[in-house]
K.L.:
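Please read through the structure below; I'll follow up with questions.
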Amino acid sequence: MGALAGKTAFVTGGASGLGEAIARAYVAEGAAVIVADIDAAAGEALAAEIGARFVALDVTQEASWAQAVAPFERIDVLVNNAGITTLGSIEEITLDQFRHELDIDVLGVFMGTQAVLPKMKVHGGSIINMSSLSGVKASSNLVAYNAAKAAVTLMTKSCALHFAEKGYGIRCNSIHPGAIHTPIIDKVLAQSDNPEALYQSFVDVHPVKRLGKPEEIAAMAVFLASDASAFATGAEFRVDGGASI
């Protein structure tokens with residue numbers, strides 16, 4: 001029996017990166033996993049490989065959320081993981097880029113929580129929002145990402161308070177990874193004129209002098225989905241190699 005046996009978990013952005021690592025870890029711990037992603041080919045392939053179920057989801061569209069969760073009578077765990085990182089300072093980034101960042105990273109979390117709530121509040125559960133080190137620590141070249149992840153951090157706490165006041169038995173916590181070597185890092189590096197220097201700057205910000213691994217974030221996501229974290233809600237779980245110290 002795994003730590004998540006008997007639980008149904010819905011993981012957004014589940015086809016790659018941190019979402020993939022979390023989906024794999026959840027299946028290994030006995031959960032029935034729903035991999036939700038806009039990339040149908042990658043999502044279907046992963047679901048078939050690990051014994052999960054795939055649903056197509058555009059986290060920026062309310063109708064897509066409604067359709068994605070409709071088949072499931074009960075959802076015990078929601079991981080709001082889908083996200084992007086846009087490189088740019090306040091002078092460089094465009095309004096369209098800023099809005100796109102917020103649409104995915106903030107409104108996606110908002111709509112996801114609203115969509116899953118009716119499936120969860122009768123019996124309780126765990127909502128895990130993927131924030132970031134950038135949700136608590138600013139960088140001059142990540143103005144949109146800082147704004148988005150800071151919003152996720154405080155939205156998590158607001159939801160946690162509401163669920164507690166209502167007696168729903170739903171916990172809501174945020175995970176704050178440092179730089180983790182996933183495909184999203186490669187996309188950020190591709191936006192830079194000097195990717196080697198940017199990569200080294202990501203390494204240098206961590207006292208442990210390395211990037212994190214997706215499996216290290218997945219381990220925290222398992223803990224927060226499990227009954228072992230039953231007294232944790234509204235909290236920031238920093239898994240950042242000491243970068244926020």
K.L.:
Should the pair Phe72 and Phe10 be assigned to parallel (<30°), tilted (30 to 60°) or perpendicular (>60°) ring geometry?
P.N.:
perpendicular

K.L.:
Taking all atoms of both residues into account, what is the closest heavy-atom pair of Trp65 and Asn80, and its distance?
P.N.:
CH2-OD1, 4.0 Å

K.L.:
Going from NZ on Lys119 to CD on Glu73, what distance comes out if it is rounded to the nearest 0.5 angstrom?
P.N.:
8.0 Å

K.L.:
I need the Tyr168 OH to Ile127 CD1 distance, nearest 0.5 Å.
P.N.:
11.5 Å

K.L.:
Looking at the rings of Tyr199 and His181, which for Trp means the six-membered one, are their centres under 6.0 Å apart?
P.N.:
yes

K.L.:
Evaluate the side-chain hydrogen bond (donor to acceptor under 3.5 Å, both in side chains) criterion for residues Asp96 and Thr94: first the C-alpha distance (whole Å), next the side-chain angles of each, then the deciding distance (0.1 Å), finally the verdict.
P.N.:
CA-CA 5 Å; Asp96 284 344; Thr94 68; 5.5 Å; no

K.L.:
Could you tell me whether a side-chain N or O of His176 sits under 3.5 Å from a main-chain N or O of Gly135, the two making a donor and an acceptor?
P.N.:
no

K.L.:
Give the cluster check for Val136 versus Val239: same hydrophobic cluster or not, with ILVMFWY residues linked at side-chain heavy-atom distances below 4.5 Å.
P.N.:
no

K.L.:
Please answer whether the main-chain N or O of Phe163 pairs with a side-chain N or O of Lys121 as donor and acceptor at a distance below 3.5 Å.
P.N.:
no

K.L.:
Under 4.0 Å between a side-chain nitrogen and a carboxylate oxygen: does that hold for Glu216 and Arg210?
P.N.:
yes

K.L.:
As a test of understanding, state which of Glu101, Gln191, Lys187 forms a side chain to side chain donor-acceptor pair (under 3.5 Å) with Thr86.
P.N.:
Glu101

K.L.:
Is there side-chain contact between Met130 and Thr12, with at least one heavy-atom pair below 4.5 Å?
P.N.:
no

K.L.:
Would you name the heavy atoms of Arg24 and Ile50 that are closest together and state the gap between them?
P.N.:
NH1-CG2, 3.6 Å

K.L.:
Between the side chain of Ser64 and the main-chain N/O of Gln61, is any donor-acceptor distance below 3.5 Å?
P.N.:
no

K.L.:
Would you say Ile34 ends up clustered with Val27 if hydrophobic residues are merged whenever their side chains have heavy atoms under 4.5 Å apart, either directly or through other cluster members?
P.N.:
no

K.L.:
To the nearest 0.5 Å, how far apart are CD1 in Ile93 and NE2 in His100?
P.N.:
10.5 Å

K.L.:
Between Met111 and Ile84, is there a shared hydrophobic cluster once you connect ILVMFWY residues whose side-chain heavy atoms come closer than 4.5 Å?
P.N.:
yes

K.L.:
Taking all atoms of both residues into account, what is the closest heavy-atom pair of Ala235 and Phe237, and its distance?
P.N.:
CB-CE1, 3.5 Å

K.L.:
Decide yes or no for Leu117 and Ile170: does some side-chain heavy atom of the first lie under 4.5 Å from some side-chain heavy atom of the second?
P.N.:
yes

K.L.:
Can you list the residues that meet the side chain to side chain contact (heavy atoms under 4.5 Å, CB included) rule with Glu215, with sequence neighbours excluded?
P.N.:
Lys213

K.L.:
Would Val106 end up clustered with Val79 when hydrophobic side chains under 4.5 Å apart are linked, directly or stepwise?
P.N.:
no

K.L.:
For Thr156, what residues pass the side chain to side chain contact (heavy atoms under 4.5 Å, CB included) criterion, not counting sequence neighbours?
P.N.:
Asn129, Val152, Cys172, Ser174

K.L.:
Taking all atoms of both residues into account, what is the closest heavy-atom pair of Ala68 and Pro71, and its distance?
P.N.:
O-CD, 3.4 Å

K.L.:
Could you grab the distance from atom OG of Ser126 to atom CG of Asn173, nearest 0.5 Å is fine?
P.N.:
6.5 Å

K.L.:
Hey, does Arg99 have a side-chain heavy atom less than 4.5 Å from the side chain of Leu95?
P.N.:
yes

K.L.:
Hey, which of Leu198, Leu189, Val143 is the one that makes side-chain contact (heavy atoms from CB on, under 4.5 Å) with Leu87?
P.N.:
Leu198

K.L.:
Do side-chain atoms of Lys149 reach the backbone of Ser132 as a donor and acceptor pair under 3.5 angstrom?
P.N.:
no

K.L.:
Looking at Leu224, is its backbone amide N or carbonyl O close enough to the side chain of Arg171 to form a donor-acceptor pair, meaning the two atoms are under 3.5 Å apart?
P.N.:
yes

K.L.:
For Pro177 versus Asp240, what's the shortest heavy-atom pair and its separation?
P.N.:
C-CB, 4.3 Å

K.L.:
Whether the side chain of Gln200 engages the backbone of Ala197 through a donor-acceptor N/O pair (distance < 3.5 Å, no angle test) should be reported.
P.N.:
no

K.L.:
Could you state whether Val109 and Leu78 fall into the same hydrophobic cluster, counting links through intermediate Ile, Leu, Val, Met, Phe, Trp or Tyr residues with side-chain heavy atoms under 4.5 angstrom apart?
P.N.:
yes

K.L.:
Taking all non-hydrogen atoms of both residues, which atom of Gly17 and which atom of Pro183 are closest, and how far apart?
P.N.:
CA-CD, 4.0 Å

K.L.:
Measure the spacing between CZ of Phe98 and CD1 of Ile90 and express it to the nearest 0.5 Å.
P.N.:
6.5 Å

K.L.:
Would you say the side-chain atoms of Tyr26 pair up with the backbone N or O of Val11, donor to acceptor, closer than 3.5 Å?
P.N.:
no

K.L.:
Would you say that Val188 contacts Phe202 through its side chain, given a criterion of any heavy-atom pair below 4.5 Å between the two side chains?
P.N.:
yes

K.L.:
Where the side chain of Asn141 meets the backbone of Gly88, is there a donor-acceptor pair that is under 3.5 Å apart?
P.N.:
no

K.L.:
To the nearest 0.5 Å, tell me how far Asp37 CG sits from Glu20 CD.
P.N.:
10.0 Å

K.L.:
Between Leu46 and Phe54, is there a side-chain heavy-atom distance shorter than 4.5 Å?
P.N.:
no

K.L.:
Side chain to side chain contact (heavy atoms under 4.5 Å, CB included) with Lys7: which residues, sequence neighbours excluded?
P.N.:
Leu4, Asp76, Val77, Asp227

